[in-house]
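Shown next, in structure tokens, is the structure this report addresses.
Keep in mind that the numbers below use all heavy atoms, side chains included, and drop hydrogens, waters and symmetry copies. All residue numbers in this chain count up from 1 along the given sequence. Because the structure is a prediction, the values reported are computed rather than measured.
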Amino acid sequence: MSHEQHLSLELIARLASRFGPTSRVAKELPGWLEYLTEVDCPERPSTRPGAVWWEKVRDLARKIVPSAGGGEGETVQRNAILLGDHFGLSPIETSMLTFVAFYKIFDGFEHVVDGALETKEVTIPLLLSWFCRAPEPEIRAALRDSGRLAGSGLVKRERGARYNRMPFDLSRRLIIALLSEVENIAELIALMFPRAVSPIAEWQDFEGLGRDADLIHDLLSRSLANNTPGVNILLYGPPGTGKTEFAKVLARKIGVVLRAVGETDDEGGEPSRHERLAELIMASRMLGQTSDTILLFDEMEDLLGARGAVLSRDMPSKVYFNRMLEANPIPVIWTTNSVDDCDPAFLRRMSFSILMRPPSGRVRSRIWQRLDARHAAGIPQAALPALAERHDQAPALVSDAMRVAQLCKGGSAVVSQVLDAAARLAQGGADNPPHHHADVPWQQNLARADADLGRIEERLAAPDAPRRISFCLEGPAGTGKSAWARHLARVMGMPVIEKRASDLLSKWVGESEQNIARAFSEARADGAMLILDEADSLLADRRGAERSWEISQVNEMLTWMESHPLPFVCTTNFAENLDPATQRRFTFRIRFDFLSANQLSLAWAAHFPCPPPTGLSALDRLALGDFANVARRMRALGDTDPQEFLRELTREATAKLGAARPIGFGR
């Protein structure tokens with residue numbers, strides 16, 4: 001006879017000894033015996049049952065009980081003791097946990113308990129008193145919400161349960177663990193809350209986070225060492241930006257275990273909010289005594305949303321969630337795609353937060369190379385940098401695109417096609433706003449500036465570089481001002497928000513100022529570099545203003561420039577038209593000029609597939625943009641004659657010289 005059957009029969013024997021022949025228990029008890037065993041009970045008299053009949057039933061119940069041992073019941077009881085010791089439960093509380101586990105796991109035990117409760121002659125405290133061999137007052141004390149059993153999160157109490165129904169429940173995850181053969185509590189915990197999958201990314205892939213990543217590393221390390229409660233880290237940003245992957249990399253960097261909670265229900269499907277909360281609470285309390293574990297809770301808004309779980313009648317109160325965040329005994333990393341759906345009261349209780357963005361610059365190129373090596377997508381190594389430059393999607397989307405390319409044997413063309421489709425989908429079916437597309441990658445030797453651009457890039461690429469900096473890039477059109485600004489943003493690992501004067505200026509009084517404020521606010525919220533083209537229209541010299549709004553518009557620009565905490569760039573072809581007050585607002589003023597004679601051949605080689613003809617060095621006032629424009633024109637015409645290339649470049653240079661044209665009718 002199995003252990004669980006033994007305990008069920010023992011409970012029947014206790015009930016038989018406690019109640020008399022005329023009780024409702026006596027009426028049902030023979031049926032319980034026959035349900036659990038193959039014995040035939042003495043037939044109940046049709047008239048009033050007497051003591052003789054009842055004594056025969058009692059004697060039968062007592063004789064069956066002793067022959068017991070083995071089975072899953074012993075495993076459940078042994079694992080319940082492991083959990084009780086881990087949570088510091090008393091022997092009574094551990095026995096109560098075992099009782100609920102037996103009820104949830106074994107049909108025979110459940111049958112007897114439900115039958116006894118339905119007679120309305122038996123209560124849960126009474127049954128627990130018998131099972132735990134403890135007085136009822138001690139049982140009732142252990143059942144309090146303030147007790148250690150309730151505080152452990154192992155047993156869930158169902159509010160409003162009928163008095164003749166079991167008011168306790170266990171998660172399916174815990175039930176599976178209780179039935180498992182384990183040697184110690186560590187194995188039991190590993191079954192319930194397995195380690196997160198090892199990360200694919202590397203710490204260097206998140207160098208764009210700079211000091212924020214270092215601060216989180218230090219905060220978590222110290223909180224674990226000191227057992228500091230209430231430490232919550234929030235990672236937020238668009239899907240696929242590596243929030244979960246960064247959590248994995250961070251845990252590996254610290255040297256601790258990351259365990260994800262609330263991802264699936266006990267059947268491997270989508271968990272309810274109740275299940276996610278219960279698992280979080282149990283994991284926090286079960287692992288809170290350790291100093292080598294961090295919890296990961298994805299999709300935070302599902303549980304702590306302003307319009308979601310906390311407003312549901314069947315969920316705990318907002319105060320409860322506040323206290324949970326303030327007192328959780330183990331650090332928790334929360335992730336969400338958007339903080340807009342999260343209650344501000346919960347956001348305030350985050351110890352630190354990081355806005356996650358798609359990687360940029362050399363980081364993105366390195367990730368692309370590693371993903372290509374993993375997926376074997378068939379992309380030529382030489383093409384990877386250009387693809388990484390063109391597509392700025394998150395690594396998860398790039399990985400998906402490479403997987404499709406590998407399956408379809410399509411190489412870089414399929415990767416681009418898939419990523420373009422993903423970008424279109426993200427815009428609700430509309431095409432993405434056009435990105436600036438350079439005909440050739442940025443090359444410093446093709447820029448003619450009066451400052452050491454390489455030195456600036458090297459300094460600002462450092463994680464500890466200042467971010468409150470500004471640039472005024474002046475010079476003729478096409479000399480690479482905006483292109484260098486975008487290149488600098490990639491080097492710094494920052495996204496770009498680019499605005500033209502026409503995007504901000506409005507015919508309505510006051511609206512231009514609002515647009516200017518909105519542009520700076522958007523850049524600050526997104527952690528982006530703001531590039532303002534045609535800045536002379538926004539910062540025109542106020543001494544020549546004829547209307548009040550012209551002055552207020554410049555004032556608005558100057559105010560934001562003074563207080564903006566992130567890099568921003570103004571470009572202009574007419575620096576002489578800028579208001580004098582802009583002089584002290586720019587950290588750097590850099591002039592970009594036409595290509596030198598030595599740079600002309602380099603620009604030719606970058607745009608044309610043939611050696612330059614004689615006469616190229618004689619041209620003057622050519623910019624890199626002129627070469628790109630002529631190259632596009634020749635490709636459109638299908639012309640490959642180098643002399644024709646040179647003639648078109650000569651036309652570009654002549655147009656800039658402003659050659660005089662005859663006035664009147666010409667022949």
For Leu355 and Gly237, the nearest pair of non-hydrogen atoms, with its separation, is CD1-CA, 4.1 Å

Contacts of Glu183 meeting side-chain hydrogen bond (donor to acceptor under 3.5 Å, both in side chains) (sequence neighbours excluded), chain-then-number -> none

Distance col, row Lys253:NZ vs Leu220:CG, nearest 0.5 angstrom, shows 14.0 Å

Residue pair Glu202 / Arg370, side-chain heavy-atom distance below 4.5 Å: yes

When you compare the side chain of Ile379 with that of Met402, does any pair of heavy atoms fall below 4.5 Å? yes

Between the main-chain N or O of Leu36 and the side-chain N or O of Gln5, is there a donor-acceptor pair closer than 3.5 Å? yes

Please report the C-alpha distance between Leu191 and Ile176 in whole Å, then the side-chain angles of each, then the deciding distance to 0.1 Å, and finally whether the side chain to side chain contact (heavy atoms under 4.5 Å, CB included) criterion is met.
-> CA-CA 9 Å; Leu191 276 175; Ile176 293 172; over 6 Å; no

query: Is the backbone N or O of Ile233 less than 3.5 Å from a side-chain atom of Ser351, with the two atoms forming a donor-acceptor pair by type?
result: no

* Check whether any side-chain heavy atom of Asp85 sits under 4.5 Å from a side-chain heavy atom of Thr94, and report yes or no. => no

Residues Ala150 and Arg285: closest non-hydrogen pair is O-NH1, 3.7 Å

| said: One pair to check against side-chain hydrogen bond (donor to acceptor under 3.5 Å, both in side chains): Thr244 and Asp298. What are the steps and the verdict? | reply: CA-CA 8 Å; Thr244 302; Asp298 277 324; 3.2 Å; yes

Requested in this report: Run the numbers on Phe19 and Thr119 for side chain to side chain contact (heavy atoms under 4.5 Å, CB included), then give the verdict.
Outcome: CA-CA 12 Å; Phe19 291 91; Thr119 65; over 6 Å; no

Notebook entry, point to check: Would you call Lys104 and Asp169 a salt bridge, taking side-chain N to carboxylate O under 4.0 Å as the test?
Noted result: yes

Any side-chain heavy atom of Arg18 within less than 4.5 Å of one from Ser23?
no

| message | Using a strict threshold of under 4.0 Å (side-chain N to carboxylate O), is an ion pair present between Arg78 and Glu181? | response | yes

Contacts satisfying salt bridge (Lys or Arg N to Asp or Glu O under 4.0 Å) that involve residues 212-237 (not counting sequence neighbours) are Asp218-Arg222

Tell me whether Asn184 contacts the main-chain N or O of Ala186 through its side chain, where contact means a donor paired with an acceptor under 3.5 Å. yes

What one should report as the nearest heavy-atom pair of Met356 and Leu235 is CG-CB, 4.2 Å

Shortest non-hydrogen pair, Phe102 vs Gly73, comes out as CZ-O, 3.5 Å

Taking every heavy atom of Pro135 against every heavy atom of Ser129, the minimum-distance pair comes out as C-OG, 4.0 Å

- Could Glu28 and Arg24 be called an ion pair, given the rule that one side-chain N must be under 4.0 Å from one carboxylate O? no

For Glu93 and Ala142, the nearest pair of non-hydrogen atoms, with its separation, is CG-CB, 4.0 Å

d(Leu178 CG, Leu188 CG) to nearest 0.5 Å is 6.5 Å

So CE of Met282 and CZ of Arg173: to nearest 0.5 Å the spacing works out to 9.0 Å

Min side-chain heavy-atom separation Met96-Leu89 under 4.5 Å | no

Separation between CH2 (Trp130) and CG (Leu11), nearest 0.5 Å, reads 7.0 Å

Rounded to the nearest 0.5 Å, the CG atom of Leu179 sits from the CG atom of Leu174 at a distance of 9.5 Å

Exercise. Check whether more than 12 heavy atoms from other residues, nucleotides or ligands sit under 6.0 Å from atom CZ of Arg195, and answer yes or no.
Key: no

I'd like to know if the side chain of His375 reaches the main chain of Gln406, judged simply by a donor and an acceptor atom lying under 3.5 Å from each other, with no hydrogens or angles considered. no

>> Checking Ile354 against Leu234 for the side chain to side chain contact (heavy atoms under 4.5 Å, CB included) test, could you report, in this order, the C-alpha distance in whole Å, the side-chain angles of both residues, the deciding distance, and whether it holds?
In response: CA-CA 6 Å; Ile354 288 185; Leu234 175 60; over 6 Å; no

TODO: Kindly indicate whether the side chain of Val113, heavy atoms from C-beta on, has any atom under 4.5 Å from the side chain of Phe99.
DONE: yes

(request) Ignoring hydrogens and angles, tell me if any N or O in the side chain of Glu187 forms a donor-acceptor pair with the backbone of Val182 under 3.5 Å. (result) no

>> Within the 4.5 Å heavy-atom criterion, are Ile294 and Leu250 side-chain neighbours or not?
In response: no

Check: Do Leu325 and Trp334 come within less than 4.5 Å of each other through their side chains, counting heavy atoms only?
Finding: yes

Output for pair (Lys243 NZ, Met300 CE), nearest 0.5 Å, gives 13.0 Å

**Prompt:** For Leu295 and Asn328, what are the C-alpha separation, side-chain angles and deciding distance, and is it a side chain to side chain contact (heavy atoms under 4.5 Å, CB included)?
**Reply:** CA-CA 11 Å; Leu295 298 182; Asn328 61 296; over 6 Å; no

Any salt bridge linking Glu55 with Arg62? Criterion: basic side-chain nitrogen under 4.0 Å from a carboxylate oxygen. yes

Checklist entry - Is any NZ, NE, NH1 or NH2 atom of the basic residue among Arg44 and Glu34 found under 4.0 Å from an Asp or Glu carboxylate oxygen of the other? => result no

